[in-house]
Peer 1: 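Take this structure, written in C-alpha cells, and hold onto it; I'll ask about it next.
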Number of protein chains: 2
Amino acid sequence: MDIITQLGPLAFASRLRRLSEHLMKDVTQIYREQAVDFKPRWFPVLYLLNQTSPMSITDIAKDLGLTHPAINQIGGAMLKAGLISSHKDDKDERRRLLGLTAKGRRIASELQPVWDDISSETMNLIRESGMDILAGLDQMELSLAQCGMYDRVRNRIKHRQYAEIEIIAYQPKYKKHFALLNREWLESYFKVEPHDEEMLADPEGRIIQNGGFIFFAKLDDDIVGTAALMKIDDTSFELMKMGVTAKARGKQAGKKLTVTAIEKARESGARTVILHTSPKLKIAERLYRQFGFVDNNGPDDRSARYRRNTISMKLELTNWKYPREENPPEP
Amino acid sequence: MDIITQLGPLAFASRLRRLSEHLMKDVTQIYREQAVDFKPRWFPVLYLLNQTSPMSITDIAKDLGLTHPAINQIGGAMLKAGLISSHKDDKDERRRLLGLTAKGRRIASELQPVWDDISSETMNLIRESGMDILAGLDQMELSLAQCGMYDRVRNRIKHRQYAEIEIIAYQPKYKKHFALLNREWLESYFKVEPHDEEMLADPEGRIIQNGGFIFFAKLDDDIVGTAALMKIDDTSFELMKMGVTAKARGKQAGKKLTVTAIEKARESGARTVILHTSPKLKIAERLYRQFGFVDNNGPDDRSARYRRNTISMKLELTNWKYPREENPPEP
DNA sequence: GAATATTACGTAAGCGCTTACACAATTGTT
DNA sequence: AACAATTGTGTAAGCGCTTACGTAATATTC
C-alpha cells in the first residue's frame with residue numbers, strides 16, 4: 001500500500017489523477033495496436049462532431065470542458081490527419097467551423113466497436129469496485145458546483161482562525177495598544193485629528209466610564225486588534241475605533257471583535273448599534289453589511305455624508321443573529 | 001449535463017482527470033492564499049520526508065508512484081525554497097539523500113492544520129457522494145492490478161474478432177486460395193519443395209479423399225486463412241498447411257482455424273492430433289502450445305529435429321477443452 | 001579480475017494541457 | 001455613426017509530468 005493510498009482523503013485528487021492516467025495510458029496502447037492514426041485525446045472531439053453538425057472552436061471547448069487553445073491544437077492535429085475540415089462561418093467571420101470529413105466519419109465508425117469494448121470493460125471495472133462510482137462522481141461534481149473545495153476549506157480555515165482569536169476586555173495595561181492599533185489605520189487612511197487624540201489618550205475616561213466597552217483581539221499572545229462600544233443612550237451604542245493590525249488582517253479578528261461588540265450591546269439592553277465609517281474602508285464596510293448593518297444616512301444627510309466622507313450605519317438588535325457563512329464570488 | 005458526463009464509462013478517465021484537476025486547482029489557490037511559498041505538488045514529498053529519515057530520489061519516486069525525474073525536479077524546487085537539504089550517501093556515491101531542513105519541518109507543521117482542513121472537507125465531499133468512493137478506488141486499483149484495462153479490452157477485441165471470422169469447408173472454387181495462402185508463408189520462411197507443390201496442386205485428392213478436411217477462414221467476404229487436417233489413421237489426424245494472409249494476422253483467424261480443426265478431429269473419432277512446424281514460426285508454435293500441443297520429439301529424435309529444423313507436436317484429445325484466455329506479459 | 005549488467009541520477013525534449021496576450025469581427029451604447 | 005465592450009480565434013509561453021538517453025557508481029558473472 002503506497003503512501004498516496006495511505007493518505008486517504010488528503011491525496012484524493014492525486015489518486016484520481018493516477019487512476020485516470022493509468023487508464024488513459026492503456027487506452028493509448030489499445031489505439032496504437034489497432035494501428036489507427038488516432039490519439040485518445042481526439043476522442044471527445046471526434047465523438048462530439050460525429051453527433052452534430054460542424055461547431056465552432058469555442059463551442060466545442062465549452063462542451064468538452066477544455067479551453068479553446070486546447071481545441072485549437074487538437075483541431076490542428078486532426079486537420080493534419082484529415083479527420084476534420086474547417087471553414088469560415090458565413091454569418092460570423094471570426095468563427096471557424098470544424099466538421100468531420102468522410103475519413104473522420106469512417107474512423108469514427110471503425111472505432112465504434114473498440115469504444116464499445118472500452119465502455120463495457122470500464123463498466124465491468126466499475127462494477128468490480130462494488131459501487132456505482134459514476135453516480136458518486138455525478139453527486140460529487142454536483143456538490144462541488146454548489147460549493148467548491150476552495151470555499152469549503154476557506155470557510156474551515158476561517159472558523160479555525162476565528163476560534164484562535166481570543167477577545168479580552170479592557171485593562172489599563174492595554175491603553176497603549178488601543179492607541180497604536182487605532183493610529184495604524186487612522187494614519188494610513190486619514191490623518192489623526194485632535195478629536196481622535198483625545199480619545200486615544202484617555203479611552204477609559206471617554207468610553208468606559210461613560211458605560212461603554214473596549215475589546216482587544218489576542219492571537220498567540222499578541223494584541224492584534226481592538227474595538228470600542230460607546231454608550232449613546234440606554235437603547236443604543238456606537239461601534240467605533242475598530243482596528244486590526246496589518247499583519248493579522250484576514251484572520252477573523254475584526255469579525256470576532258464585531259460579534260463580541262454586538263453581543264455585548266445586546267446584553268447591555270441596547271436595541272440598536274450605530275457606527276460611522278468611511279467609503280474608503282471597503283473591507284470594513286463589507287464586514288458591517290455582512291453582520292446586518294444598513295445605511296443610516298437620512299435623506300438630507302446625503303450631502304453631509306459626502307462632505308464629511310462618512311457613512312453612517314445602523315443595526316437593529318431585535319432578532320439579530322450571527323449571519324450564515326457565505327463566500328460571495330471574489331472579483 | 002456535459003458530454004463527458006453523458007459518455008459515462010467511455011469517458012470515465014476524463015472525468016477522473018477533470019475532477020482531480022478541479023480539486024488540485026482549488027488547493028493551489030488555498031496554499032497561495034495562506035501566503036506560504038509552497039506548491040501542492042510538493043506536498044507528497046514534504047509529507048513523506050516529514051515521516052521518515054532522508055531518502056534517495058528513486059526511493060521517493062517509487063513510494064509516490066512518480067518517475068525519478070519528477071522527484072528530481074520537485075526536489076530542485078524545494079531545495080531552492082530551502083525546504084530540503086541534500087547530501088551524498090556515504091555508502092553509495094550515486095545516491096543523493098533528501099531530507100527536510102528545519103524550515104521544511106516548520107512549514108510542514110504550519111501546513112498541518114490546513115491539510116487537516118483539506119482532509120476533512122474532502123471526506124465531507126466523499127460523504128456527500130453517498131458512497132465510500134475511497135474504498136471503491138481501492139478495489140478498482142486492485143482489480144486493475146490483477147488485469148489492466150489494456151488486457152481487458154484486448155481480450156474483448158480478440159473475442160470480437162474471433163466471432164467475426166467465419167470458418168467454411170472446402171469447396172473446389174477455393175483450391176486457388178488454398179495454394180495462395182500456403183505459398184505466402186512457405187515462400188517467406190522456406191522454399192516451396194516438390195512435395196509441397198503436389199499438395200497444393202491437388203488438395204482434394206491428397207487430403208479430402210483420404211478422409212481429411214480443409215477449412216478456410218473468411219473475414220468480410222475475403223478468404224484470409226486456411227488449414228488442413230490429414231487423416232493418419234483411425235485415431236489420429238495431422239494438422240498441416242495452416243496459413244493466414246499477412247494483412248489479417250492478429251485477427252484470430254489462426255486461432256479459430258485451429259479450434260475448428262481440433263474439434264473436427266474429435267468429432268471424427270480421433271484421439272490425437274499431431275503436427276509438424278518449424279522453430280522459425282514462433283507465433284504458430286505459441287498458438288499450438290496455447291491449445292495444449294506438447295513436444296512430440298522422441299529422445300533420439302532431437303538430433304533429427306535440429307537437422308530437419310522441424311518441431312513435432314502432439315495433442316491428446318481426451319478431455320481437451322478450449323483453453324482459458326490468457327495474456328502472458330509481453331516482452 | 002575483467003567484462004557485463006544493473007542501478008542511481010541528471011538532463012533534454014516532448015506532451016497535453018493551461019494562462020496570458022493580441023487582434024479582428026461583432027454587438028451594445030449613446 | 002462613433003465609440004466601447006464583448007466575443008472568437010490564434011499564438012506564445014509555462015507547468016508538471018513523461019520518455020529517452022547519457023554517465024557514473026555498484027553488483028554480478030564468468
Side-chain angles (χ1 to χ4, degrees), chain A residues 4 13-29 31-32 38-45 54-81 84 86-98, chain B residues 4 13-29 31-32 38-45 54-81 84 86-98:
Chain A
I4 298 285
S14 291
R15 284 193 71 182
L16 291 180
R17 198 173 51 75
R18 195 171 65 175
L19 185 54
S20 165
E21 272 173 11
H22 188 162
L23 294 173
M24 288 274 202
K25 191 180 292 182
D26 277 18
V27 171
T28 308
Q29 185 61 30
Y31 281 135
R32 182 159 29 236
F38 187 79
K39 311 225 164 173
R41 70 193 187 107
W42 296 353
F43 162 68
V45 175
M55 288 176 72
S56 76
I57 302 233
T58 18
D59 286 347
I60 297 174
K62 224 169 282 170
D63 270 29
L64 298 184
L66 294 174
T67 56
H68 83 266
I71 304 303
N72 195 335
Q73 288 161 21
I74 293 172
M78 291 178 75
L79 204 64
K80 214 162 147 187
I84 59 173
S86 96
H87 50 85
K88 281 245 187 290
D89 187 347
D90 304 339
K91 314 250 194 302
D92 186 339
E93 286 280 300
R94 293 167 304 177
R95 291 158 62 90
R96 192 158 67 92
L97 298 179
L98 303 184
Chain B
I4 299 286
S14 289
R15 285 193 71 182
L16 292 179
R17 197 173 51 75
R18 196 171 66 176
L19 185 54
S20 165
E21 272 174 11
H22 188 165
L23 294 172
M24 288 275 201
K25 190 179 293 181
D26 276 19
V27 171
T28 308
Q29 185 61 30
Y31 282 134
R32 182 158 30 234
F38 186 79
K39 311 225 165 174
R41 68 193 189 107
W42 296 353
F43 162 69
V45 175
M55 288 176 73
S56 76
I57 303 229
T58 20
D59 286 348
I60 298 175
K62 223 169 283 171
D63 269 30
L64 298 184
L66 293 175
T67 56
H68 84 264
I71 304 303
N72 194 336
Q73 289 161 20
I74 293 173
M78 292 177 74
L79 204 65
K80 213 162 149 188
I84 60 174
S86 97
H87 51 85
K88 280 244 188 286
D89 187 347
D90 304 339
K91 311 253 193 303
D92 186 340
E93 288 279 301
R94 292 167 304 176
R95 292 158 61 90
R96 190 158 68 92
L97 298 179
L98 303 184

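Lettering follows sequence order; numbering is per chain, from 1. These numbers come from the heavy atoms of this one structure, side chains and all, not from hydrogens, waters or symmetry mates.
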Peer 1: Can a side chain N or O of A/Arg17 be found less than 4.0 Å away from OP1 or OP2 on D/dG16?
Peer 2: no

Peer 1: OP1 or OP2 of D/dT19 sitting under 4.0 Å from any side-chain N/O of A/Lys25?
Peer 2: yes

Peer 1: Rounded off to whole Å, could you give me the NE2-to-P distance for the B/His68 and D/dC17 pair?
Peer 2: 15 Å

Peer 1: Do B/Arg94 and C/dT7 share a donor-acceptor pair, side chain to base, under 3.5 Å?
Peer 2: yes

Peer 1: Can you tell if the side chain of B/Leu98 reaches within under 4.5 Å of the side chain of B/Met78, non-hydrogen atoms only?
Peer 2: no

Peer 1: For D/dT7, does either OP1 or OP2 sit under 4.0 Å from a side-chain N or O belonging to A/Thr58?
Peer 2: no

Peer 1: In whole Å, I'd like the distance from the CG atom of B/Asp89 to the C1' atom of D/dA25.
Peer 2: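 So the two atoms are 12 Å apart, to the nearest Å.
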
Peer 1: Contact class for A/Lys88 (heavy atom, under 4.0 Å): base, sugar-phosphate, or nothing?
Peer 2: nothing

Peer 1: So which atom in A/Ala13 and which in B/Ser20 form the shortest heavy-atom distance, rounded to 0.1 Å?
Peer 2: O-OG, 2.9 Å

Peer 1: Reckon A/Arg41 has a side-chain N or O less than 4.0 Å from the OP1 or OP2 of C/dC17?
Peer 2: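 Yes, within the criterion.
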
Peer 1: Could you tell me how far apart B/Asp59 (CG) and C/dT7 (P) are, to the nearest whole angstrom?
Peer 2: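 In whole Å, C/dT7 P lies 13 Å from B/Asp59 CG.
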
Peer 1: Suppose we call a contact any N or O donor and acceptor under 3.5 Å apart; does that hold for the side chain of A/Gln73 and the base of D/dT11?
Peer 2: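 In this structure, the two groups form no donor-acceptor pair.
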
Peer 1: Quick check for you: to the nearest 0.5 Å, what is the distance between B/Asp90 atom CG and B/Leu97 atom CG?
Peer 2: 8.0 Å

Peer 1: Counting only side-chain nitrogens and oxygens, does A/Thr67 get under 4.0 Å of the OP1 or OP2 atom of C/dT19?
Peer 2: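 Indeed not, no polar side-chain atom of A/Thr67 lies that close.
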
Peer 1: Is the backbone of A/Met24 close enough, under 3.5 Å, to the side chain of A/Thr28 for a donor and an acceptor to pair up by distance?
Peer 2: yes

Peer 1: Could you state the NZ-P distance from A/Lys39 to C/dG14, rounded to the nearest angstrom?
Peer 2: 13 Å

Peer 1: In whole angstrom, give the distance that lies between atom CD of A/Glu21 and atom P of C/dC17.
Peer 2: 12 Å

Peer 1: Over all strands shown, is A/Asn72 touching base, sugar-phosphate only, or nothing at heavy-atom distances under 4.0 angstrom?
Peer 2: base

Peer 1: Measure from NZ on B/Lys62 to C1' on C/dC9 and round the result to the nearest Å.
Peer 2: 13 Å

Peer 1: State, with a plain yes or no, whether a side-chain heavy atom of A/Arg95 is found less than 4.5 Å away from one of A/Asp59.
Peer 2: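 Counting from C-beta outward, A/Arg95 and A/Asp59 do come under 4.5 Å.
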
Peer 1: D/dG8, D/dT19, C/dC9: which one has an atom nearest the side-chain heavy atoms of B/Ile57?
Peer 2: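 My answer, after comparing the listed nucleotides, is C/dC9.
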
Peer 1: For the side chain of A/Glu93 and the base of D/dT9, is some donor closer than 3.5 Å to an acceptor across the two?
Peer 2: no

Peer 1: Could you state the NE2-C1' distance from B/His22 to C/dT18, rounded to the nearest angstrom?
Peer 2: 15 Å

Peer 1: Whole angstrom is fine here: how far is it from CZ in B/Phe38 over to P in D/dG16?
Peer 2: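 The distance from CZ of B/Phe38 to P of D/dG16 comes to 12 Å, rounded to the nearest Å.
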
Peer 1: Output the single nucleotide from D/dT18, C/dT26, C/dC9 whose closest atom is nearest the side chain of A/Asp92.
Peer 2: C/dT26

Peer 1: Between A/Glu21 and A/Lys25, does any NZ, NE, NH1 or NH2 come within less than 4.0 Å of an OD or OE carboxylate oxygen?
Peer 2: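 Judged by the 4.0 Å cut-off on N to carboxylate O distance, A/Lys25 and A/Glu21 do not form a salt bridge.
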
Peer 1: Of all the choices, C/dT18, D/dG10, D/dC17, which nucleotide is nearest to the side chain of B/Ile74 once you look at every atom?
Peer 2: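 Nearest to the side-chain atoms of B/Ile74, counting from C-beta on, is D/dC17.
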
